[in-house]
Structure formats: structure tokens, C-alpha cells
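Below: one structure, written as C-alpha cells.
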Amino acid sequence: MSPPCHTSALLLVFVALAVAGAEQSEERSCDVVGDESTESQMERALLKKLEPLSHMRFNVTVEKGKTEKYIYHFRVCREVNSTSHDFGGLVQTDRQSGKTTVIGRINETQVFNGSDWIMLIYKGGDSYGRHCSGEKRRAVIMISCKRGVTASSFSIISEEREKEQECFYLFEMDSSVACPAENSHLSVGSILLITFVSLIAVYIIGGFLYQRLVVGAKGMEQIPHFAFWQDLGNLVADGCDFVCRSKPRNAPAAYRGVGDDQLGEESEERDDHLLPM
């Protein structure tokens with residue numbers, strides 16, 4: 001093989017390996033039961049809301065008597081073991097025998113919610129043997145609201161397998177993703193007040209800087225529109241004086257001091273008898 005052909009063959013091998021590696025590294029996600037066209041906007045929104053939990057793994061160990069011990073592995077909208085390509089989103093492992101059983105698969109997902117919870121259901125698990133008429137297993141995960149916690153308290157509640165049909169495994173966990181959006185504590189009046197105060201602060205500071213740096217004003221003249229506010233203050237004072245006056249404008253004062261108008265001309269003869277003759 002000539003060197004150019006050899007180089008081209010190596011490049012093709014490297015490209016093929018890179019594409020295969022990219023396909024393997026891309027993890028599968030939840031696929032809602034039914035055609036893609038039938039997925040509702042609510043289901044898409046809920047799956048997107050659960051995305052922060054997709055990189056986390058959850059495990060819980062359950063002992064049944066002295067002979068049975070199982071570990072349940074759970075991932076949110078991801079495969080527990082991506083190398084097996086079995087779509088297993090919740091898998092049971094027998095600690096004694098090492099046997100794994102897929103409880104539910106992410107390619108058969110149902111999701112719905114309430115005011116403070118999200119219900120995630122994985123269907124299409126491995127078939128029961130002697131229980132539940134041999135139907136496929138199903139995992140139901142109740143995610144309850146707990147603010148300030150990304151995810152915690154994953155546990156199994158029960159396994160309902162004593163029925164003929166509709167058997168399931170019930171799990172629960174806490175997460176803040178199931179919480180409703182918090183409403184703003186600020187009322188409309190508070191927002192308007194904050195806006196008004198902010199505008200006043202901008203007016204005062206901006207006007208002060210303009211008067212000082214551009215106009216070159218000093219002292220009280222640095223206050224923006226100083227003459228206008230001075231006249232307005234005088235008008236307000238006159239208005240208060242007029243409205244709040246408690247007695248008529250022309251009423252005599254309760255006490256009158258001695259003025260020049262009260263001092264009459266003294267009689268020139270009042271002290272005449274004291275003069276020497």
C-alpha cells in the first residue's frame with residue numbers, strides 16, 4: 001500500500017473511532033410513552049425541570065429477612081448502566097447472586113405533577129415470574145418538594161405484587177425541583193416606591209454633580225433647580241400658614257406690649273411743683 005493510501009486509511013479509522021466514541025458518550029434520556037408528536041408541553045416542561053438531577057445516582061439497600069438483600073439503583077432520565085444499552089432507569093441487584101433485574105426503563109416514561117410533587121414512572125421492566133400474571137415490572141418514583149435540597153432521602157416505600165395486574169414498585173425522594181416557583185414578596189406599591197426613590201436619588205446626585213462640575217456652582221446653588229425648590233418651599237409654607245391658622249387673621253393679640261403709640265404726651269405741668277420757686 002502506498003504511503004498516501006496508508007495515511008487515508010488511518011484517518012478513516014480515527015474518524016470512525018471518534019464517531020463511535022461520541023455516540024457511546026452521549027447518554028440516552030427519557031422517552032415519554034407514545035409518539036413524539038403526542039408529547040404534551042407539560043411533559044416536556046417537567047422533563048426539562050428534572051434535568052438537574054440527571055447527573056446524579058441514587059442507591060438504596062433493602063433487606064428482606066436473612067436471606068434476601070437487594071440494592072436498587074436509580075437515575076433520573078438516564079440509564080443506570082449505559083454500557084448495557086438496556087434503557088434501565090431503575091435496576092435491582094441481588095447482593096447474594098449478583099443478578100440484576102430491570103424494574104423500569106427510561107424509553108417508556110410517564111411524568112405528571114401536582115402543586116408540590118412530580119410523579120415519574122418507568123414502565124417496561126423485566127417480567128414478573130409467578131406474580132402479577134407475568135406482566136412487566138413498573139417503577140413509580142414520587143419526588144416531593146423540599147426547598148434548599150437538590151436531591152435527598154431516596155427510599156423504597158413498598159412493592160405491590162400481590163395483585164393480578166398493575167403491580168408496581170413505589171419509591172420516594174425529596175428535591176427542590178418539585179417545588180413551585182416562589183412568588184415575589186414585593187407588592188406593586190413597594191416596587192413603585194423603590195422606583196420613585198431611585199429616580200429621586202439619580203436626580204439629586206446627577207444634578208449636584210452637573211451644577212458643581214459643569215456650571216461651577218458653590219454652596220446651596222449646587223442643589224439642582226435651587227430657585228424653583230426655594231420658591232416652592234415658600235409657597236408651601238404660606239399655604240400651611242393660611243390653612244393651619246387657628247384664629248382670624250385680624251384678631252387682636254392676647255398680650256400687647258407697650259409701644260410708642262401707647263405713650264401719650266406727658267403733661268409739662270406734672271412736675272412743675274417740684275421745681276424751686
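Basis for what follows: all heavy atoms, side chains included, without hydrogens, waters or symmetry-related copies. Remember, it's a predicted structure, so these values are computed and weren't measured experimentally.
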- Working for side chain to side chain contact (heavy atoms under 4.5 Å, CB included), residues T109 and L120: CA-CA 7 Å; T109 301; L120 183 66; 3.6 Å; yes
Could you check whether any side-chain heavy atom of [X] comes within less than 4.5 Å of a side-chain heavy atom of [Y], counting everything from C-beta outward?
X: L47; Y: V111; value: yes
X: T100; Y: Q92; value: no
X: M42; Y: N113; value: yes
X: M142; Y: V140; value: no

- Message: Does the Lys NZ or Arg CZ of R28 fall within the cation-pi geometry relative to F87 - under 6.0 Å from the ring centre and within 45° of the axis?
- Response: yes
Could you tell me whether a side-chain N or O of [X] sits under 3.5 Å from a main-chain N or O of [Y], the two making a donor and an acceptor?
X: S176; Y: V149; value: yes
X: S84; Y: N81; value: yes
X: S175; Y: V177; value: yes
X: Q211; Y: E221; value: yes
X: S133; Y: E164; value: yes
X: R212; Y: K218; value: no

Nearest-0.5 Å distance that lies between atom [atom1] in [X] and atom [atom2] in [Y]:
X: L170; Y: S155; atom1: CG; atom2: OG; answer: 9.0 Å
X: C167; Y: Y128; atom1: SG; atom2: OH; answer: 5.0 Å
X: K49; Y: I143; atom1: NZ; atom2: CD1; answer: 10.5 Å
X: S152; Y: K146; atom1: OG; atom2: NZ; answer: 4.5 Å
X: R75; Y: H73; atom1: CZ; atom2: NE2; answer: 12.5 Å
X: L53; Y: C77; atom1: CG; atom2: SG; answer: 9.0 Å

- Item | Candidate pair R105 and D126, rule salt bridge (charged side-chain N to carboxylate O under 4.0 Å, His left out), full reasoning | CA-CA 9 Å; R105 290 181 163 84; D126 293 343; 3.2 Å; yes
What are the two closest non-hydrogen atoms of [X] and [Y], and how far apart are they?
X: M56; Y: T150; answer: SD-CG2, 3.9 Å
X: S29; Y: R78; answer: CB-NH1, 3.3 Å
X: A151; Y: M173; answer: CB-CE, 3.7 Å
X: A178; Y: S144; answer: CB-C, 3.9 Å
X: S127; Y: G134; answer: CB-O, 3.5 Å

- Just say parallel, tilted or perpendicular for the rings of Y203 and W229, cut-offs at 30° and 60°. perpendicular
- Task: Report the C-alpha separation of Q165 and E135 in whole Å, then their side-chain angles, then the decisive distance to 0.1 Å, and conclude whether the side chain to side chain contact (heavy atoms under 4.5 Å, CB included) test is met.
- Result: CA-CA 7 Å; Q165 291 180 336; E135 68 177 7; 4.1 Å; yes
Shared hydrophobic cluster for [X] and [Y] (ILVMFWY, side-chain gaps under 4.5 Å):
X: F112; Y: I118; result: yes
X: I204; Y: I194; result: no
X: F228; Y: Y210; result: no
X: V62; Y: F168; result: yes
X: V197; Y: I223; result: no

- Task: Quickly, which of L90, I156, I103 forms a side chain to side chain contact (heavy atoms under 4.5 Å, CB included) with F74? Name it, please.
- Result: L90
- Message: Less than 3.5 Å apart, any donor N or O on the side chain of R137 or Y169 sitting next to an acceptor on the other?
- Response: yes
- Message: Ring centroids only, cut at 6.0 angstrom: are F171 and Y72 within range, meaning strictly under it?
- Response: yes
- Task: Could you go through the salt bridge (charged side-chain N to carboxylate O under 4.0 Å, His left out) check for E166 and R138 one step at a time?
- Result: CA-CA 8 Å; E166 299 296 327; R138 178 175 55 158; 3.2 Å; yes
- Task: I would like to know whether V32 and Q110 meet side chain to side chain contact (heavy atoms under 4.5 Å, CB included); could you show each step before the answer?
- Result: CA-CA 6 Å; V32 178; Q110 286 183 315; 5.7 Å; no
- Would the number of heavy atoms belonging to other residues, nucleotides or ligands and lying under 6.0 Å from CZ of R147 be above 12? yes
- Does CG belonging to L209 count more than 12 external heavy atoms closer than 6.0 Å? yes
- Would you call E43 and K48 a salt bridge, taking side-chain N to carboxylate O under 4.0 Å as the test? no
- Item | salt bridge (charged side-chain N to carboxylate O under 4.0 Å, His left out) between K64 and E159, intermediate numbers included | CA-CA 12 Å; K64 297 181 179 180; E159 178 188 359; 3.1 Å; yes
- Query: Where do M119 and I141 land on the side chain to side chain contact (heavy atoms under 4.5 Å, CB included) test, with the steps shown first?
  - Reply: CA-CA 6 Å; M119 183 77 77; I141 304 97; over 6 Å; no
